[in-house]
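Here is the structure we will look at.
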Amino acid sequence: MVEGVGLTQATAGSVVALLVVVVICGQLTGGWVGDRFDKRWIIFIAMWMHAAAMIVFAYADSFSGAALFAILHGTAWGIRGTIINSIRAEYFGRRAYATISGFSALLIMVGMTSGPMFSGIVRDLTGSYKGAFLTLAGIAVIGSVSALAARPPNAAYTAAATQA
């Protein structure tokens, strides 16, 4: 935000603080929303919000652009995280929840590690983070389609897993 958007360090810190507050609000509302609507569609919408946030951030040149990024990304992050945990439990029950959560955490860590490295490489090669953010937006769109394609296991498996 300092280098690419031109914000001061203090202002960039404010954007990060806004992001954190919005994530917390998203987490608090995510469960409520997930109890009332199809979780796959909520994840689909959240992933599109991530994509929109990345596009906004790729072209941000002011505090307002960075703040819009923080609001979109934070809302999506908070809601999606809550819904993902809920859908794991619904789809797989108690028997496989820890294994699936552990594997998922591994994949998340790979993304959280490789994303900044990828972005840094793109910045070094092109002089801008724009290509990296646009690529991440594309990955979020692919994730949205994957969320809609996810189907719960068959009823017999789910019943057995819930009983365990």
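Keep in mind that the numbers below use all heavy atoms, side chains included, and drop hydrogens, waters and symmetry copies. Here the structure is a predicted model, which is why all the values come from computation and not from measurement.
Remark: Trp32 pairs with no residue by the ring pair (Phe, Tyr, Trp, His ring centres under 6.0 Å) rule, at least two apart or across chains. Take Lys39 and apply the side chain to side chain donor-acceptor pair (under 3.5 Å) test, not counting sequence neighbours, and it matches Glu90. Partners of Thr11 according to the side chain to side chain donor-acceptor pair (under 3.5 Å) rule, which considers only residues two or more places apart in sequence or in another chain, are Thr8. Looking at residues two or more places apart in sequence or on another chain, you find no side chain to side chain donor-acceptor pair (under 3.5 Å) involving Ser86. In this view, His73 and His50, Phe69, Trp77 satisfy the ring pair (Phe, Tyr, Trp, His ring centres under 6.0 Å) rule, not counting sequence neighbours. For Val2, the side-chain contact (heavy atoms from CB on, under 4.5 Å) partners are Gln9, Ala12, not counting sequence neighbours. Partners of Thr82 under the side-chain contact (heavy atoms from CB on, under 4.5 Å) rule, at least two apart in sequence or in another chain, are Gln27. With sequence neighbours excluded, the residues that form a side chain to side chain donor-acceptor pair (under 3.5 Å) with Arg123 are Glu3.
Under the 4.5 Å side-chain criterion, counting only non-hydrogen atoms from C-beta, Ile83 is not in contact with Arg80. Considering only heavy atoms from C-beta on, Ile24 comes within 4.5 Å of Leu28 through its side chain.
Residues in residues 57-70 take part in these side chain to side chain donor-acceptor pair (under 3.5 Å) pairs, two or more places apart or across chains: Ser62-Ser64. Residue pairs that meet the salt bridge (Lys or Arg N to Asp or Glu O under 4.0 Å) test with at least one member in residues 40-50, sequence neighbours left out, are Asp38-Arg40.
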Let me check something: any side-chain donor-acceptor pairs from residues 131-151 under 3.5 Å, sequence neighbours excluded? List them with distances.
residue: Thr135; atom: OG1; partner: Gly131; partner atom: O; Å: 2.8
residue: Ser144; atom: OG; partner: Trp48; partner atom: NE1; Å: 3.0
residue: Ser144; atom: OG; partner: Val141; partner atom: O; Å: 2.5
residue: Ser146; atom: OG; partner: Ile142; partner atom: O; Å: 3.2
residue: Arg151; atom: NH1; partner: Leu148; partner atom: O; Å: 2.9

Mind listing the side-chain donor-acceptor pairs of residues 108-120 below 3.5 Å, one per line with the distance, residues two or more places apart or on another chain?
residue: Thr113; atom: OG1; partner: Met109; partner atom: O; Å: 2.8
residue: Ser114; atom: OG; partner: Val110; partner atom: O; Å: 2.7
residue: Ser119; atom: OG; partner: Gly115; partner atom: O; Å: 2.9

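In terms of heavy-atom proximity, Ile71 sits nearest to Val22 at O-CG1, 3.5 Å. Between Gly65 and Val56, the closest heavy-atom pair is O-CG1, 3.4 Å.
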